[in-house]
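One structure below.
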Amino acid sequence: MAQPRVVFPNKVLPYLLLAPQIALTLVFFFWPASQALYQSALREDAFGLKTSFVGLANFRAVFDDPSYLNAMQVTAVFSLATAALSMCVALVLATSAERIVRGKTFFRTLLIWPYAVAPAVAGMLWLFMFNPAMGSFAYMLRRAGYDWDPLLNGDQAMVLVVVAASWKQISYNFLFFVAGLQAIPKSLIEAAAIDGARGAKRFWTVVFPLLAPTSFFLLVVNTVYAFFDTFGIIHAVTGGGPAKATETLVYKVYNDGFVNLNFGSSAAQSVILMVIVIGLTAIQFRYVDRRVHYG
């Protein structure tokens, strides 16, 4: 039986309902993006008194800059590690929470709380815990014979910001994995158990394939999160150091624009970053989505 078609009595009403969202998109996305494109073709003099049009010179200077290429490598490692760690831990926690009989709601609430913490606050919490001078966990690591100092060691700094950024995002992933697990029909789980699929085999052959749409969505969201929303964590924990070991693309945009006052280069970098994120999202939808089964 065909579904009844929804007809608005007033032809103007649909446009009025869409107007707030369109206005927000224009003001907070298209307008800043157009300004970045415009400023990426400009260059100011040393005193900031005169602006000249330079075309694509800012983009050529950016790609010739070794520090920018280093920031791209740092961003690739950071984003992959953050997305993988946060999604894997969230999936383990979600499957474990489903096995709890008593107090399931209480444990779920506890696991959701970290998402309410601001990125800068989350970064400061992890910095206090692992600060080489006064951090309790840093003290434990030194007592265990491990030379821990993320303020001087670039690899340790990267590990610290990856763990802090992942901890912040685990709660978000946990919510969606729990919702995905609850949407799986119990009859399928029972049928798999009757057929002899138990434990890990049942999870990888029955449960995980049915979580593919949720995993694909979270893969896209976590990639965008690692590129943009981790600025506060990096700024609070390492400030892009030591020796630019944790300077991601978004942090370099801030550093060149607001610290070094090189607005042309910063605008060009923001445009490149926007293109990279759009390209990665398109690739994920184009190729990864093929392996996703929606039932």
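Since this is a predicted model, take the numbers as computed values, not measurements. By convention here, the first residue in the shown sequence is residue 1.
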May I have the list of side-chain donor-acceptor pairs in residues 21-30 shorter than 3.5 Å, sequence neighbours left out?
{"residue": "Thr25", "atom": "OG1", "partner": "Gln21", "partner atom": "O", "Å": "2.8"}

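Checking side-chain atoms of Thr82 against main-chain N and O of Ser79 turns up no donor-acceptor pair under 3.5 Å. A donor-acceptor contact shorter than 3.5 Å links the side chain of Thr246 to the backbone of Gly241. Asn58 contributes a side-chain N or O that, together with a main-chain N or O of Leu42, makes up a donor-acceptor pair within less than 3.5 Å. With hydrogens and angles ignored, the 3.5 Å screen pairs no side-chain donor or acceptor of Ser266 with any backbone N or O of Phe263. The backbone N or O of Lys244 sits less than 3.5 Å from a side-chain atom of Asn70, completing a donor-acceptor pair. Of the possible polar contacts, none joining the Glu247 side chain to the Lys252 backbone as a donor-acceptor pair under 3.5 Å is found. Of the possible polar contacts, one joining the Thr75 side chain to the Leu249 backbone as a donor-acceptor pair under 3.5 Å is found.
Taken together through direct or relayed side-chain contacts under 4.5 Å among Ile, Leu, Val, Met, Phe, Trp and Tyr, Val159 and Leu80 form parts of separate hydrophobic clusters. By the rule that hydrophobic residues join a cluster once side-chain heavy atoms approach within less than 4.5 Å of another member, Phe137 and Leu160 end up as members of one cluster. Cluster annotation: Val77 and Leu69 are assigned to distinct hydrophobic clusters (Ile/Leu/Val/Met/Phe/Trp/Tyr, side-chain heavy-atom contacts under 4.5 Å, transitive). A single hydrophobic cluster is seen to contain both Met124 and Met134, as judged by linkage of ILVMFWY side chains at heavy-atom distances under 4.5 Å, directly or through other members. Linking Ile, Leu, Val, Met, Phe, Trp and Tyr whenever their side-chain heavy atoms come within less than 4.5 Å puts Met140 and Leu125 in one cluster.
With rounding to the nearest 0.5 Å, the separation of CG in Leu280 from OG1 in Thr223 is 7.0 Å. Expressed to the nearest 0.5 Å, how far CE of Met72 lies from CD1 of Ile272 amounts to 8.0 Å. Atom CG of Leu175 and atom OG1 of Thr214 lie 12.0 Å apart (nearest 0.5 Å). Distance check, rounded to the nearest 0.5 Å: CE of Met274 to CD1 of Ile278 gives 5.5 Å. For the atom pair Leu181 CG and Phe208 CZ, the distance stands at 11.0 Å (nearest 0.5 Å). Atom OG in Ser136 sits 9.5 Å away from atom CG in Leu141 (nearest 0.5 Å).
Contact between Lys168 and Ala118 at its shortest, heavy atoms only, is CE-C, 4.0 Å. Nearest heavy atom pair, residue Asp256 against residue Ser265, reads OD2-OG, 4.1 Å. Here the shortest heavy-atom pairing between Phe130 and Trp148 reads O-NE1, 2.8 Å. Nearest approach of Met87 to Asn173, heavy atoms of both residues: N-ND2, 3.7 Å. Smallest separation of non-hydrogen atoms from Pro119 and Ile233: O-CG1, 3.2 Å. Nearest heavy-atom pair across Phe228 and Val277 is CE1-CG2, 3.3 Å.
By the neighbour-count criterion of 12 heavy atoms within 6.0 Å, atom OH of Tyr139 is sparsely surrounded, having that number or fewer from other residues, nucleotides or ligands. With a 6.0 Å radius and a threshold of 12 heavy atoms from other residues, nucleotides or ligands, Phe258 has its CZ atom at or below the threshold.
Ring-plane geometry between Tyr172 and Phe176 is classed as tilted, the angle between the planes lying from 30 to 60 degrees on a 0 to 90 degree scale.
A 4.5 Å side-chain heavy-atom check between Ile184 and Val207 finds at least one atom pair inside the cut-off. Looking at heavy atoms from C-beta onward, Pro213 lies out of side-chain contact with Phe216 at the 4.5 angstrom threshold. Inter-residue side-chain proximity for Leu211 and Leu91 is flagged as met; some heavy-atom pair is nearer than 4.5 Å.
Checked against the 6.0 Å centroid threshold, Tyr254 and Tyr251 count as a close aromatic pair. Taking the six-membered ring for Trp, Phe63 and Phe59 have ring centres at least 6.0 Å apart.
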task = Could you check Ser86 against Asn222 for side chain to side chain contact (heavy atoms under 4.5 Å, CB included), going step by step and ending with a plain yes or no?
result = CA-CA 8 Å; Ser86 60; Asn222 281 265; 3.0 Å; yes
key: Val161/Thr230 under side chain to side chain contact (heavy atoms under 4.5 Å, CB included): CA gap, chis, key distance, verdict   = CA-CA 9 Å; Val161 293; Thr230 54; over 6 Å; no
